[in-house]
Protein chains: 2
Amino acid sequence: MPEQIARNTGAHVVYAELKRRILTLELKPGERIYEPAMAAELQISRTPLREAIRRLISESLLEQQPTGGVLVPDLDEVVISELYEVRAALESLMARNACLKATAADIEALERILARNAALVEFADDAMQQGMALHAQIAGIAGNSWAHRVHSQVSSQMERYRHFTNSTQDRRDAALAQHRILVAAVAAGNPDEAAAIAFEHVIAARDASLRAITRNGPVTP
Amino acid sequence: MPEQIARNTGAHVVYAELKRRILTLELKPGERIYEPAMAAELQISRTPLREAIRRLISESLLEQQPTGGVLVPDLDEVVISELYEVRAALESLMARNACLKATAADIEALERILARNAALVEFADDAMQQGMALHAQIAGIAGNSWAHRVHSQVSSQMERYRHFTNSTQDRRDAALAQHRILVAAVAAGNPDEAAAIAFEHVIAARDASLRAITRNGPVTP
DNA sequence: CTGCCTGCTCTTGTATACAAGTAGACTTGT
DNA sequence: ACAAGTCTACTTGTATACAAGAGCAGGCAG
C-alpha cells in the first residue's frame, strides 16, 4: 500500500530519478532547480517534470520558496533529530501492535531475521539493511498501513543524512542487543514493554547520530 | 511550517477548494473525478487542476486507480482506527517532548486553555476545537516540526470521518478529565507519564469512535 | 561615487493542442 | 440468443505556446 505500483508514465520516471538524485545528494542541498534546464537534461517536457517536482515538494524532498523558486532543502541537524523522534514514535506503535497480533509463525520469522542479522553484524554496509528488514517484518505484522506509510516517508528523508551518521561496531552491537530484547518482548506478548523498547532503541540511535555529527562537525560544512 | 503560505496561484485555490469538498464529503467517497468536467466547473484549465489533484493524491485525499482514473477514497473503519493510532503515537511523543522543554509560562498557558475547555465542556460543537487547541499548544511547546506536520496530515484525513464519530457528553467529560491529568503530568515534568497518558487518551478516543460506528452502523451505509 | 530608475531577460504559471490508450457499445457471425 | 470482434467516443498524459512577474544589469541623475 505505501508505494503505489509505478505506472510507466514519464512523470513517474522523472520523479524516481529526481528523488534518487536528491537522496544521494547528487542534487546538492540549497541548489535551485530550473524547470527548462532540468527538462532538457531529462529529455522531457516541463509538464511531467513539474508534476514530479510538485510531488517531491509535498514530500518535503524539495522546497518551494515564497518567491516561486524551487530548491533542494538544506541539511539541518535539528531536522534529523526530529525525524528520529517521529520514527521512534511510529516504530514504538508498530511494536505494540505487532505484539498484539503476532502469531507463532510471525515470531518464528522475526527470530529468523534476528539470527541472520547476528551472523552479519560485522558488515557495516548491511547494518542499515538489517535493521530495516527486522522493522519491515514488524510493520507487516502490526498491519497499520498509515503508520507504515508515514514511516516510509520519514525514512526517505533520513536517507539524505545517511553519509553523516556513520555507524560504529559498538553501535551495531548495541542495536543487535536491543533487537533481541525487542523480539523477546514481542514473543512474550508484552505490548507496553515492546513499545518502550522500540522507542528507546530509536532514541538511542538518534543520540548516537547526534554525537557522531557533533564529533565530525556540522552536517553542512 | 506545516501550511505553506498560500501563494495566490490558481492551483492553490483549486487545491483548497477540492480539499474542502473532499473533507466535507461534498465529493462523495467512491466518486470519480473527470478532469475536463471539473476544470469547467471550477473555471480553470486542466493544468492547475491536475496540479491540485496530484497534490491531493500524495496526501491520500484522492486515490489513483491503476487504470489511470482518480477517485475519492472510500471510507473504511479500519483506516480510522489506524489514523487514531498514529495520532496517539505522535501526540504521545509531543507530550513527552513538551514535558522536557516546557517553561513556567508554557505550563500557565496550558492551564489557561484547560480552564477555558472546562467552562465550555457542555458545547458539543466546540469539543473538537477545544481538544485541538490544547494539542496545538502542546505541539508548539514540543517543537518537533515533523511530528507537527505529520499530525496535521493525519488530522486532515480524520475530518472525513467526523460526522460518524459523534461525541457524547460522557465522552467529553472523560476527555476533559484526561486532559487535566495530562497537563498535570507535563507540569510535574514526568515525560514517561505524560507520554503514556497522551497515548491512552487518544486510544480511548479511538475505542469510543469505533463503538459509536458499530452502534450506528458501518461508515458506508 | 552612490542611489534610483528603466529596460531586458529569464523565470514560473496557465492555457490549449495533440497523441495514445481504454472502456463501452454496437454489430455480426454462429 | 450469445459471444466475439471492431469501431467510436472519451479519457488521461504530454508537448508547446503564451502571459505575467521577478530579478538584474546598466545607465543616468544627484
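What you see is a predicted model; the values in this text were computed from it and never measured.
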* To do: Please state whether the phosphate of D:dG13, meaning OP1 or OP2, lies under 4.0 angstrom from any side-chain nitrogen or oxygen of B:Arg54.
  => yes
* **Earlier contact from the 5' end, DNA chain D, for A:Glu51 and B:Arg32** => B:Arg32
* Asked: Out of curiosity, B:Glu31 CD to B:Leu62 CG, how far, rounded to the nearest 0.5 Å?
  -> 10.5 Å
* Could you check if a side-chain atom of A:Leu75 sits within less than 4.5 angstrom of a side-chain atom of A:Phe164, using non-hydrogen atoms only? => yes
* Given atom CG of B:Leu42 and atom C1' of C:dA15, what is their separation to the nearest angstrom? -> 15 Å
* For B:Ile57 and D:dT12, give me the distance from atom CD1 to atom P, rounded to whole Å. => 11 Å
* If you check every side-chain atom of A:Thr67, which of C:dT11, D:dT12, D:dG23 has the closest atom? -> D:dG23
Report, one pair per line, the protein and nucleotides 7-9 of chain D atoms (nitrogen or oxygen only) whose separation is under 3.5 Å.
none

* For the residue pair B:Leu134 and B:Val183, establish whether any side-chain heavy-atom pair is separated by less than 4.5 Å. => yes
* Measure the distance from CG on A:Leu71 to C1' on C:dT11 and round it to the nearest whole Å. => 14 Å
* **A:Ser145 side chain to B:Glu82 side chain, donor-acceptor N/O pair below 3.5 angstrom** => yes
Identify each atom pair where a protein N or O and an N or O of nucleotides 16-19 of chain D are less than 3.5 Å apart, giving names and distance.
from   : atom 1 : to      : atom 2 : distance (Å)
D:dT16 : O4     : A:Thr47 : OG1    : 3.3

* Lys NZ or Arg CZ of B:Arg96 over B:Phe199 ring: under 6.0 Å, within 45° -> no
* Asked: What heavy-atom pair brings A:Ala95 and A:Val186 nearest, and what distance separates the two atoms?
  -> O-CG2, 4.4 Å
* State, with a plain yes or no, whether a side-chain heavy atom of A:Glu26 is found less than 4.5 Å away from one of A:Arg20. => yes
* Consider the side chain of B:Pro48, meaning its heavy atoms from C-beta on, and name the nucleotide among C:dT14, D:dA15, D:dT12 that approaches it most closely. => C:dT14
* To do: Figure out the CG/C1' separation between B:Asn8 and D:dG21, and round it to whole Å.
  => 14 Å
* Asked: Which is true for A:Ile53 with a 4.0 Å heavy-atom rule: it touches a base, it touches only sugar-phosphate, or it touches nothing?
  -> nothing
* To do: In whole angstrom, give the distance that lies between atom CD of B:Glu35 and atom P of C:dT14.
  => 15 Å
* To do: Can you tell me which residue pairs pass the salt bridge (charged side-chain N to carboxylate O under 4.0 Å, His left out) test with a partner in residues 56-72 of chain B, sequence neighbours excluded?
  => B:Arg55-B:Glu59
* Give the C-alpha distance, both sets of side-chain angles, the deciding distance and a yes or no for side chain to side chain contact (heavy atoms under 4.5 Å, CB included) between A:Arg54 and A:Ser58. => CA-CA 6 Å; A:Arg54 305 322 264 230; A:Ser58 76; over 6 Å; no
* Output yes when at least one side-chain N/O atom of A:Gln64 is less than 4.0 Å from OP1 or OP2 of C:dT11, else no. => no
* Contact class for A:Leu49 vs. all strands (heavy atom < 4.0 Å): base, sugar-phosphate, or nothing? -> nothing
* Asked: Can you tell which of D:dA15, C:dA15, C:dT12 lies closest to the side chain of A:Ile44?
  -> D:dA15
* To do: Determine: side-chain N/O of B:Thr9 to OP1/OP2 of C:dT12, distance under 4.0 Å, yes or no.
  => no
* **Distance, rounded to the nearest Å, where A:Gln65 contributes CD and C:dG13 contributes P** => 12 Å
* To do: Measure the distance from OH on A:Tyr34 to C1' on C:dC10 and round it to the nearest whole Å.
  => 10 Å
* To do: Could you walk me through whether A:Arg149 and B:Ser60 pass side-chain hydrogen bond (donor to acceptor under 3.5 Å, both in side chains), step by step?
  => CA-CA 10 Å; A:Arg149 157 201 225 79; B:Ser60 292; 2.3 Å; yes
* To do: Could you tell me whether B:Gly10 contacts a base, only the sugar-phosphate backbone, or nothing, with contacts defined as non-hydrogen atoms closer than 4.0 Å?
  => sugar-phosphate
* Structure fact -> In whole angstroms, the gap separating P of D:dG13 from OH of A:Tyr15 amounts to 16 Å
